[in-house]
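The structure under discussion appears below in the form of structure tokens.
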Amino acid sequence: MTFQGEPVARPGRGGRSDRFAAVVIFLVSSLYIRYALTFQPPRFRSEALGPATFPLMIGGLMVVCSVLLFVESLRRAPEPPAAWRRSLPALALWGLLLAYSVVLERLGFPLATALFLAPSFRLLGVRPWWRCLLYAVAVTAAAWYAFAALDVRLPRGEWWRR
């Protein structure tokens, strides 16, 4: 017995959107890896970690995650159809990612990344706000340290150059 307004599962639709997303992520990450393979180290440098190392790690992780998502979508039971409100956090994350890419050079990596991650964690369900801020600062600091250890220069922003 179902009540009015209660979501009803439709058989045969479960996991289709996950499979589509997995295929899209796989294709994008494959192109990303292909592009990362074109990165050449500077002349007269023969280090084990070159400029393509980190992009290849990220691309490889994206490929693995897309394959896992595809396999999981085949095993998952059908889900009820999502209402349009359920897609708002995903759209907000895309908007935040777009804004991040626009302000990264101007604000610099530390500030832009922290400002991107704090509301992203909130949209992903981290509560309360102080945890979002704490995680954002911790992830930003760890990423800054990792890139510095790899001798990759990240944009510092216009405020830090003065």
Side-chain angles (χ1 to χ4, degrees), residues 15 17-73 75-76 82 84-162:
S17 61
D18 286 347
R19 282 191 291 274
F20 178 75
V23 169
V24 169
I25 292 170
F26 183 83
L27 292 175
V28 169
S29 59
S30 297
L31 290 174
Y32 182 74
I33 289 173
R34 171 71 177 99
Y35 182 69
L37 288 173
T38 63
F39 294 171
Q40 296 294 323
R43 291 181 176 227
F44 307 114
R45 290 182 76 174
S46 60
E47 298 170 349
L49 298 177
T53 303
F54 190 72
L56 287 175
M57 288 177 7
I58 296 296
L61 186 63
M62 288 171 57
V63 166
V64 169
C65 288
S66 67
V67 169
L68 291 175
L69 179 63
F70 189 83
V71 170
E72 186 67 25
S73 71
R75 295 177 18 184
R76 189 175 300 160
W84 65 273
R85 287 186 174 195
R86 299 182 105 191
S87 62
L88 282 179
L91 292 174
L93 280 174
W94 278 106
L96 284 171
L97 188 61
L98 180 64
Y100 176 71
S101 65
V102 169
V103 301
L104 179 63
E105 288 289 328
R106 178 168 292 233
L107 296 179
F109 179 81
L111 183 60
T113 302
L115 290 175
F116 165 71
L117 288 177
S120 297
F121 285 137
R122 182 71 176 191
L123 286 171
L124 293 173
V126 176
R127 302 285 190 265
W129 266 105
W130 65 268
R131 280 193 183 163
C132 299
L133 293 173
L134 179 69
Y135 295 159
V137 169
V139 169
T140 301
W144 182 267
Y145 178 75
F147 280 109
L150 292 172
D151 198 24
V152 176
R153 294 184 182 156
L154 296 172
R156 290 177 174 239
E158 294 179 4
W159 293 343
W160 303 99
R161 290 185 193 145
R162 297 178 184 166

- side chain to side chain contact (heavy atoms under 4.5 Å, CB included) between S101 and L98: does it pass, once the steps are laid out? CA-CA 5 Å; S101 65; L98 180 64; 4.1 Å; yes
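The shortest non-hydrogen separation linking L69 to D18 is CD2-O, 3.7 Å. Nearest approach of F39 to P55, heavy atoms of both residues: CE1-CG, 3.7 Å. L133 approaches A118 most closely through the heavy-atom pair CD2-CB, 3.8 Å. When all heavy atoms of R127 and R122 are compared, the closest pair comes out as NH1-O, 2.8 Å. What you find for W130 and P128 is that their closest heavy atoms are NE1-CG, 2.9 Å.
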Distance-only donor-acceptor pairs under 3.5 Å for side chains of residues 27-36, two or more places apart:
unit_1: S29; atom_1: OG; unit_2: I25; atom_2: O; d: 2.8
unit_1: S29; atom_1: OG; unit_2: F26; atom_2: O; d: 3.0
unit_1: S30; atom_1: OG; unit_2: F26; atom_2: O; d: 2.8

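Remark: R156 engages W144, W160 in a side chain to side chain contact (heavy atoms under 4.5 Å, CB included) (not counting sequence neighbours). A search for ring pair (Phe, Tyr, Trp, His ring centres under 6.0 Å) contacts involving Y135 returns nothing, not counting sequence neighbours. L117 meets the side chain to side chain contact (heavy atoms under 4.5 Å, CB included) test with T113, F121, A136, V139, T140; sequence neighbours excluded. For L115, the side chain to side chain contact (heavy atoms under 4.5 Å, CB included) test picks out L107, L111, with sequence neighbours left out. With sequence neighbours excluded, the residues satisfying side chain to side chain contact (heavy atoms under 4.5 Å, CB included) with F54 are M57, I58, F147, L150.
With rounding to the nearest 0.5 angstrom, the CZ atom of F116 is 5.0 Å from the CG atom of L97.
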